Peer 1: 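Attaching a single structure in structure tokens format; questions to follow.
Throughout, a chain's letter reflects where its sequence line sits, starting with A, and its residues are numbered from 1. Treat the numbers as computed from the prediction; the structure is a model and nothing was measured.
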Amino acid sequence: MNLFAEFLQVVAKAVATVAAERGVPLPDLSRVTVEPPRDRSHGDISTNAAMVLNKAFGMPPNLLAQSLSALLSAHKSVAAADIAGPGFINIKLVASEWPRVLRAVLAEGGAYGTSTLGCGKKANVEYVSANPTGPLHVGHVRGAVFGDALAELLTASGYEVTREYYINDAGAQVDVLARSAYLRYLEALGETVGEIPAGLYPGDYLKPVGQALAAEHGTALKDKPEAVWLPIVRERAIEMMMALIRDDLAALNIRQEVFASEKALHESGQVKETIDELRERGLVYQGTLPPPKGEVPEDWEDREQTLFRTTGFGDDIDRPLLKSDGSYTYFASDVAYSRNKIRRGFDELIYILGADHGGYVKRLESLGSALAANRKIEVIVRLCQLVKLYRAGEPVRMSKRAGEFVTLRNVVDEVGPDAVRFMMLFRKNEAPLDFDFAKVTEQSKDNPVFYVQYAHARTCSVIRNAAEEGLKPAKTPEFDLLSDEAELGLVRRMAEFPRLLEAAAQAHEPHRVAFYLYDLAGDFHALWNKGKDSPHLRFILTEDVKLTQTRLAFLMAIRYVLANGLRILGVRPAEEM
RNA sequence: GGCCCCGUAGCUCAGCUGGAUAGAGCAACGGACUUCUAAUCCGUAGGUCGCAUGUUCGAAUCAUGCCGGGGUCGCCA
């Protein structure tokens with residue numbers, strides 16, 4: 001149940017009635033909002049209908065508001081519909097509406113908040129997609145968590161979601177990986193390799209690859225030319241690196257179902273096919289690109305390349321498909337990959353990238369329209385800003401040259417997947433984020449992870465304590481017994497949850513769920529503390545069984561909303577702390 | 001120089017795609033606190049929403065131009 005969506009229908013009906021009376025065609029309602037007012041004193045639900053539609057009706061907003069409010073106040077759920085300010089209609093609901101919300105939460109349980117907003121559209125969320133050359137590091141964490149939460153949010157909103165990882169297993173970097181692994185192979189055979197030369201990957205994580213190769217091939221690869229061993233070593237190394245990466249992701253409770261290979265796009269001929277198709281459509285030409293505006297790089301020289309006319313689809317410049325030596329660019333496989341996704345039937349292609357990939361947004365978007373054929377493909381790119389690590393206020397230093405970087409594992413092992421996930425989502429994605437190891441493990445109100453988790457644990461603990469005294473949540477609770485402003489405030493907040501999820505899904509902004517939960521937890525803790533001064537507000541009142549049972553049912557409703565929100569963020573709701 | 005993101009209270013940030021008197025949390029100040037789970041709570045104060053024009057009933061939000069900070073800019077991935 002979505003209270004605000006229900007009332008949008010009520011308002012729409014009132015609008016239609018007035019339109020019929022005045023002989024005006026039914027106006028477009030897309031700008032009409034039905035939302036909780038910022039200020040409580042303005043009632044429970046507020047709509048801007050009269051201000052947005054007054055032109056279509058050819059009457060001043062105040063007059064239209066009067067007609068609408070007269071119709072609205074006749075509705076059985078409405079206690080009053082007042083006109084305020086420049087033409088807002090503020091609706092006050094009858095008291096019985098709030099028990100209705102709570103009964104709906106209990107009836108829907110884990111499904112409360114879900115919607116059919118997406119109409120079953122197929123969405124592909126691609127995230128992480130780190131090069132398979134080593135373990136994931138802290139820079140990958142935010143995108144990983146964001147992508148995963150967004151996928152969950154869209155699933156809850158009625159999309160059919162595929163979680164996908166694109167493996168860059170075809171470029172020069174995997175050859176570097178292979179050469180690095182080969183040294184480890186020689187090392188495993190007992191040779192002294194000394195320090196790993198600059199330009200190769202020095203990390204210890206390649207030692208197991210060397211050992212595996214030694215075990216599987218013995219000395220067979222040893223004195224062979226690179227052309228012989230490289231493909232073998234490369235394939236094995238990539239395989240093992242991907243296993244490592246999957247483990248890293250699993251530590252964060254992330255499981256993507258599709259791992260798409262760039263190499264496979266080449267081997268299956270899809271890259272060539274794609275370019276041929278574009279050629280047939282006259283979108284490919286030989287040409288040179290202009291140097292960057294302003295400061296021209298010193299080693300700049302014009303080179304002729306095979307270019308794709310992406311400017312026809314909203315890009316700033318045309319993009320190269322073939323390098324000047326005739327080999328494929330990385331972008332060529334990107335084009336083939338986009339085409340591949342579209343052919344798999346996705347309506348929405350969503351990319352989660354790091355902020356340093358800002359330059360990719362336009363070219364990816366242009367591919368959506370260039371390859372859509374006659375379909376409508378939506379390409380949505382979300383960039384995640386940098387995460388700065390702190391330890392008790394001090395920035396954590398990393399030296400890339402020495403090969404020392406904080407891995408995803410380091411972070412997850414230290415603070416746990418739940419805290420990592422919540423903190424990564426407790427900021428909008430395009431804002432930089434500070435992550436302090438000390439703070440996220442702190443057991444205090446200053447730590448939002450703890451604050452929200454504790455709210456959930458508290459609901460569980462009260463229900464447990466009550467059970468020990470033989471008190472169970474009522475089967476048919478009498479929610480009209482809840483009349484304190486703190487209780488009603490909490491119900492109002494819960495009523496907003498479905499609306500909030502829809503808005504968050506539409507905007508592709510899972511952080512809104514995190515902030516909502518923080519507010520909800522705050523409301524709950526406030527009510528709890530009110531019970532200190534006002535014992536009649538406590539949840540367990542042994543002398544009033546009926547009220548206690550109702551409040552326990554109320555607690556269950558709160559718990560559902562907290563748990564449903566946390567599930568979207570991928571944070572496990574704690575039952576005790 | 002082009003493009004992208006950011007600029008909101010002393011600090012860290014929200015602000016529901018244009019709504020009403022711009023909100024939280026820290027920090028500051030004043031109170032409460034032997035608790036159904038201890039890891040607190042209530043209140044006060046704090047603002048030229050970077051600046052300037054424009055769009056309209058109405059702008060932190062949209063458009064244009066500046067200012068400041070960050071990122072990025074052919075064949076690498």
Peer 1: Main chain of A:L307, side chain of A:D318: is a donor-acceptor contact present, judged purely on distance under 3.5 Å?
Peer 2: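 Absent.
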Peer 1: Aromatic contact between A:F426 and A:F515, with the criterion being ring centroids under 6.0 Å apart: yes or no?
Peer 2: yes
Peer 1: Specify the residue among A:N54 and A:R303 whose closest nucleotide of RNA chain B lies further upstream toward the 5′ end.
Peer 2: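 The residue whose closest nucleotide sits nearer the 5' end is A:N54.
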Peer 1: Show the nearest heavy-atom pair for residues A:L53 and A:L29, with the distance to one decimal.
Peer 2: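 Residues A:L53 and A:L29, closest heavy atoms: CD1-CD2, 3.9 Å.
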Peer 1: Report the base-pairing partner of B:G7 (Watson-Crick or G-U wobble, both distances below 3.5 angstrom), or none.
Peer 2: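 Its partner is B:C67 (Watson-Crick or G-U wobble, both distances under 3.5 Å).
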Peer 1: In whole angstrom, what separates A:R319's CZ from B:G2's C1'?
Peer 2: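 Nearest whole value for this atom pair: 11 Å.
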Peer 1: Could you pull out the protein-nucleic contacts involving nucleotides 13-23 of chain B (nitrogen or oxygen on both sides, under 3.5 Å)?
Peer 2:
from  : atom 1 : to     : atom 2 : distance (Å)
B:C13 : OP1    : A:R427 : NH1    : 3.0
B:C13 : O3'    : A:R427 : NE     : 3.4
B:C13 : O2'    : A:R427 : NH2    : 3.4
B:A14 : OP1    : A:K428 : N      : 3.0
B:A14 : OP2    : A:K428 : NZ     : 3.2
B:G15 : OP1    : A:H511 : NE2    : 3.0
B:G15 : O2'    : A:R38  : NH2    : 3.2
B:C16 : O2     : A:R499 : NH2    : 2.6
B:C16 : N4     : A:R38  : NE     : 3.2
B:A20 : OP2    : A:R38  : NH1    : 2.8
B:A20 : N6     : A:S46  : OG     : 2.6
B:A20 : N6     : A:N90  : OD1    : 2.8
B:A20 : N1     : A:N90  : OD1    : 3.2
B:A20 : N1     : A:N90  : ND2    : 2.9

Peer 1: Classify the nucleic acid contact of A:A504 as base, sugar-phosphate or nothing, counting any heavy atom under 4.0 Å across all strands shown.
Peer 2: nothing
Peer 1: Taking pairing as Watson-Crick or G-U wobble with both contacts under 3.5 Å, can you name the mate of B:G43, or confirm there isn't one?
Peer 2: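 Its partner is B:C29 (Watson-Crick or G-U wobble, both distances under 3.5 Å).
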Peer 1: Mind checking if A:E430 touches a base, just sugar-phosphate, or nothing, with heavy atoms under 4.0 Å?
Peer 2: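 Contact class for A:E430: sugar-phosphate only.
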Peer 1: Look at the side chain of A:D356 and decide which nucleotide, out of B:C5, B:U72, B:C76, has an atom nearest to it.
Peer 2: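 Shortest atom-to-atom distance from the side chain points to B:U72.
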Peer 1: Describe the nucleic acid contact of A:E301 in one word from base, sugar-phosphate, nothing, applying a heavy-atom distance below 4.0 Å.
Peer 2: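 Here A:E301 touches the bases of the nucleic acid.
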Peer 1: So, does A:K55 get its side chain near the phosphate of B:C57, meaning an N or O under 4.0 Å from OP1 or OP2?
Peer 2: yes
Peer 1: Considering only atom P, compute the distance from B:A45 to B:A39 and round it to an integer number of Å.
Peer 2: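 After rounding to an integer number of Å, I get 27 Å for this pair.
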Peer 1: Counting any heavy atom closer than 4.0 Å, what does A:K362 reach on the DNA or RNA strands: base, sugar-phosphate only, or nothing?
Peer 2: sugar-phosphate
Peer 1: Starting at the 5' end of RNA chain B, which residue's closest nucleotide do you reach first, A:K532 or A:V462?
Peer 2: A:V462
Peer 1: Where the side chain of A:N529 is concerned, which of B:C36, B:C76, B:C41 is the nearest nucleotide?
Peer 2: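 From the listed options, B:C41 comes nearest.
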